Undergrad: 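Let me give you the structure first, and then I'll get to my questions.
Here is how names work: the chains are called A, B, and so on, in the same order as the sequence lines, proteins then strands, and each is numbered from 1. Given the structure is predicted, the values throughout are model-derived calculations rather than measurements.
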Amino acid sequence: MKKLLLGNAAIAQGAYEAGVRVVSSYPGTPSTEITENIVKYDEIYVEWAPNEKVAAEVAIGAAIAGARSMSCMKHVGLNVMADPVFTASYTGVNGGLLFCVADDPGMHSSQNEQDSRHYAKASKIIMLEPSDSGECKEFTKIAYQLSEEFDTPAFLRLTTRVAHSQSLVEIEERANDELKPYEKNPAKYVMMPGNAIKRHVVVEERMKKLAAFAETTNLNTIEDNGAKIGVISAGDCYVYAKEALGTKVNFLKLGLVFPLPVKTIQDFAQGLDKVYVLEELDPFIEEHCRSIGVEVIGKEAFTLLGEYSPNMIKKAILNEDVEIAAKADEPLPVRPPVMCPGCPHRGSFYVLKKLGLTVSGDIGCYTLGAAAPLNALDTTICMGASIGGALGMSKARGEEFTKNLISVIGDSTFMHSGITGLVDMVYNKGTNTVMILDNSITGMTGHQDNPTTGKTIRGEATKQVDLELLCKAVGVEHVRIVDPFQVDELEKAIKEEVNRPEPSVIISQRPCALLKTVKYTGHAVITDKCRKCRKCMQIGCPALSSDENGIHVDLNQCNGCGLCVNVCPFGAIVKEG
Amino acid sequence: MGKSIMIVGVGGQGTLLASRILGNAIISAGYDVKVSEVHGMSQRGGSVVTYVKYADKVYSPIIDQGEADVVLAFELLEAYRALPYLKKGGKVIVNTQAMDPMPVIIGAMKYPENIAEKMGKMVDLTAVDALSLAKEAGNIKAVNVVLIGFMAKATDIAYDTWIETIKTTVPAKFLEVNLKAFDLGYNYTA
Ligand SMILES: Cc1ncc(C[n+]2csc(CCOP(=O)(O)OP(=O)(O)O)c2C)c(N)n1
């Protein structure tokens with residue numbers, strides 16, 4: 001049977017068919033749906049870990065214990081989990097172990113555009129790259145065979161377009177999922193120097209075997225169209241090239257992107273006039289080709305930035321331009337993402353902007369507080385950075401600066417890596433204020449439960465981290481909970497805490513407006529008390545607009561959350577219905 | 001035979017469901033198909049684009065400039081923005097809804113005037129008041145299915161295939177509204 005599946009869903013299906021028993025991940029676009037789809041299979045234990053490092057450790061432990069296991073993350077998640085991954089390369093596996101890492105060329109939903117293929121090379125772990133959903137499933141299964149055959153973890157590398165495109169997938173049965181026997185083997189699994197020195201030898205021997213395998217595997221395929229131009233590519237670039245160039249060139253499609261073959265590439269290039277390398281982001285394949293003496297055209301004809309496309313390839317290789325039907329002949333306003341109507345973060349940022357504080361930011365829906373009209377964030381680096389970052393600012397600029405400084409961090413992000421920053425701040429006598437924006441969910445990546453929500457990925461009730469108690473336990477004496485829609489109260493709380501020469505935490509608590517449990521009703525109405533001061537426009541609600549005639553409420557968007565009612569100084573906005 | 005259909009709109013308007021219905025209907029009709037969506041950041045009220053391509057064999061999941069046979073737009077400004085993606089001789093179907101983006105809300109830019117009229121002079125355009133039809137069906141969120149219904153009529157996929165697809169793609173509790181919305185779109189004449 002064939003089914004139309006998202007690349008990510010196809011990986012989940014592949015994991016199921018491969019007999020995977022344990023999956024632990026942390027969400028991150030564009031990888032999240034792999035783990036969400038695993039939930040469909042009752043045979044598989046699946047969890048959201050608090051961060052990628054823990055997720056990888058769970059998967060590594062399960063693999064050592066004899067189960068096929070998996071961990072999935074976005075590219076920057078691989079930075080967080082790099083520590084265990086590099087050493088898992090030394091220990092090797094027992095049950096097969098797969099890390100699915102999704103890169104985001106074009107930064108549709110990311111803070112950088114790093115190329116995770118470098119990690120494969122640096123950690124000496126094989127990496128497969130599928131180009132459509134069918135391959136997502138097949139390569140997942142092959143990766144488990146290779147993982148066990150070569151006693152190594154494996155990477156499956158995705159890009160946004162592969163992860164988030166649907167194509168047809170053949171659905172098959174689940175294979176044998178028996179556990180492999182577990183035996184204590186410290187020489188293999190206790191990585192202290194005496195053992196690790198010997199394991200490094202094993203890793204280098206494995207690399208030699210893998211180099212030989214790279215020459216013979218049918219993960220790499222050649223399509224000889226008798227042309228004089230050759231194209232070497234992988235993943236989404238391969239399908240773009242195929243679409244753009246059809247049979248006008250010869251193709252070397254690489255399904256195994258680490259280690260890359262040598263002789264296969266040299267033979268492919270033999271007798272061709274020109275060889276192009278098509279790959280998004282860094283010249284990873286290109287530099288390999290040059291290092292083995294194969295002349296190629298790569299980044300000089302394309303770009304290090306963003307995504308490739310069929311038209312771009314047509315232009316560079318065939319010098320063909322595309323004709324377009326029409327184009328608007330006036331500047332069009334962009335439509336950036338915004339906080340949803342009813343978003344609890346809006347209240348928090350309205351107050352922060354009003355107070356003019358320096359805001360050390362973090363990553364989540366609340367990063368949208370950086371956009372106009374709230375313009376409230378000063379920094380955003382990576383998950384968890386808001387707290388350490390603010391401490392660094394304070395240590396650099398002193399007490400007075402700290403009175404105008406606050407960190408903002410979401411509940412999921414706080415559990416991911418904010419708590420360690422808070423410990424640092426308390427331990428090293430910081431006096432900063434941290435605002436935890438607790439909307440009871442991991443919002444940005446599409447509503448995943450986390451340790452603060454009291455539910456597992458399967459929706460089962462579980463222990464819930466008590467944020468207030470947790471902050472107190474690490475030594476923060478001043479912890480208070482405030483509703484971000486009570487803007488006056490929030491303003492008072494923030495003023496008090498930033499001025500207090502002691503560490504403090506404000507938990508700004510109101511659930512995400514998109515949660516099923518949140519039931520706002522009615523809508524806002526602008527009454528004739530309105531003096532057109534436009535203060536309500538400062539909250540940046542997409543349901544409000546203003547013109548010469550005053551303020552208008554878009555009833556298709558307004559959900560009656562009531563924030564504008566609380567913000568209006570003249571009581572001119574009321575709720576109806 | 002084959003078609004490239006680009007669906008554009010504003011995050012939250014239900015373009016993902018529309019592309020799923022479309023994709024599933026196309027496989028029922030026996031084609032190879034690819035559907036490309038972008039999740040995450042852009043779903044928060046930003047511009048959203050999904051691509052649906054079908055043919056005997058489809059390679060690239062994305063539709064590039066000058067390639068779309070149909071642009072199915074859920075919002076006027078997004079239709080206007082997508083024009084360069086339309087193939088010469090292609091068709092635009094646009095919902096007459098206008099939604100202000102943040103630069104307009106904060107007064108930094110103006111929402112372009114008379115978009116439908118301007119586009120109508122440049123390309124083959126049909127404007128549909130899908131919001132009113134969705135209201136008539138019983139839920140303003142059904143704008144997506146109204147538009148799919150309208151587009152469906154211009155394809156060579158049978159009516160029954162569409163209905164079966166909706167039944168298997170849409171959650172049971174919204175099925176009745178969506179079937180009604182589909183019919184209102186399908187039977188709409190501009
Ligand atoms: C290391 C890393 N992992 C994952 C992500 C993807 N990601 C961005 S924000 C976020 C979580 C946001 O949740 P929360 O902190 O609760 O804020 P909310 O979006 O709910 O406001 C995730 C998982 C990332 N950017 N970096």
Undergrad: For A/Cys541, is it the side chain, the backbone, both, or neither that has a heavy atom closer than 4.5 Å to a heavy atom of chain B?
TA: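 Just its backbone gets close to chain B.
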Undergrad: More than 12 foreign heavy atoms under 6.0 Å from CD of B/Glu113: is that the case here?
TA: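 Incorrect, the count does not exceed 12.
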Undergrad: Counting only non-hydrogen atoms closer than 4.5 Å, does B/Gln13 touch chain A with its backbone (N, CA, C, O), its side chain (CB onward), both, or neither?
TA: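 For B/Gln13, neither part sits under 4.5 Å from chain A.
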Undergrad: For A/Gln538, is it the side chain, the backbone, both, or neither that has a heavy atom closer than 4.5 Å to a heavy atom of chain B?
TA: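 It is neither, since no heavy atom gets under 4.5 Å.
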Undergrad: Heavy-atom cut-off 4.5 Å, strictly under: side chain, backbone, both or neither for A/Glu33 against chain B?
TA: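 For A/Glu33, side-chain heavy atoms alone lie under 4.5 Å from chain B.
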Undergrad: If we define contacts as heavy-atom pairs under 4.5 Å, which of A/Thr32, A/Val322, A/Leu168 has the most with chain B?
TA: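 Of the options given, most contacts go to A/Leu168.
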Undergrad: Among A/Pro30, A/Ser545, A/Ser546, A/Pro542, which residue has the highest count of heavy-atom pairs closer than 4.5 Å to chain B?
TA: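 Among the listed options, the one with the most contacts to chain B is A/Pro542.
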Undergrad: By the definition side-chain contact (heavy atoms from CB on, under 4.5 Å), identify the one residue from B/Val10, B/Val104, B/Val48 that meets it with A/Arg335.
TA: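 Testing A/Arg335 for a side-chain contact (heavy atoms from CB on, under 4.5 Å) against B/Val10, B/Val104, B/Val48 leaves exactly one candidate, B/Val10.
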Undergrad: For B/Val123, is it the side chain, the backbone, both, or neither that has a heavy atom closer than 4.5 Å to a heavy atom of chain A?
TA: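 Interface part for B/Val123: side chain.
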Undergrad: What residue among A/Phe302, A/Tyr238, A/Tyr240 forms ring pair (Phe, Tyr, Trp, His ring centres under 6.0 Å) with A/Tyr308?
TA: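 Testing each of A/Phe302, A/Tyr238, A/Tyr240 against A/Tyr308, the sole residue satisfying ring pair (Phe, Tyr, Trp, His ring centres under 6.0 Å) is A/Phe302.
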Undergrad: Look at A/Glu323 together with B/Lys87 and state whether they make a salt bridge at an N to O cut-off of under 4.0 Å.
TA: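 Answer for the salt bridge query: no.
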Undergrad: Specify which of A/Cys365, A/Ala328, A/Ser167 makes the most heavy-atom pairs with chain B at under 4.5 Å.
TA: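 Greatest number of close heavy-atom pairs with chain B: A/Ala328.
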Undergrad: Show the nearest heavy-atom pair for residues B/Ile62 and B/Ser36, with the distance to one decimal.
TA: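 Closest approach of B/Ile62 to B/Ser36, heavy atoms only: CG2-OG, 4.2 Å.
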Undergrad: Tell me, out of B/Ile140, B/Leu83, B/Ile63, B/Asp64, who's got the most heavy-atom pairs with chain A below 4.5 Å.
TA: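 The candidate making the most pairs under 4.5 Å is B/Asp64.
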Undergrad: If we ignore hydrogens and angles and just use 3.5 Å, is the side chain of A/Asn439 paired with the main-chain N or O of A/Cys512 as donor and acceptor?
TA: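 Side chain of A/Asn439 to backbone of A/Cys512: no pair is present.
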Undergrad: Would you find a donor on one side and an acceptor on the other, under 3.5 Å apart, between the side chain of A/Thr159 and the backbone of A/Asp236?
TA: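 Pair absent, no side-chain N/O of A/Thr159 close to backbone of A/Asp236.
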Undergrad: Below 4.5 Å from any heavy atom of chain B, which atoms of A/Leu544 appear? Answer side chain, backbone, both or neither.
TA: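 For A/Leu544, backbone heavy atoms alone lie under 4.5 Å from chain B.
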Undergrad: For B/Leu86, which atoms come within 4.5 Å of any heavy atom of chain A: side chain, backbone, both, or neither?
TA: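 Contact with chain A involves both backbone and side-chain atoms of B/Leu86.
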Undergrad: Under a 4.5 Å heavy-atom cutoff, which of A/Cys343, A/Pro373, A/Ala244 has the most pairs with chain B?
TA: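 Most pairs with chain B among the choices: A/Pro373.
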Undergrad: Under a 4.5 Å heavy-atom cutoff, which of A/Val162, A/Ile324, A/Thr160 has the most pairs with chain B?
TA: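 The residue among A/Val162, A/Ile324, A/Thr160 with the greatest pair count is A/Ile324.
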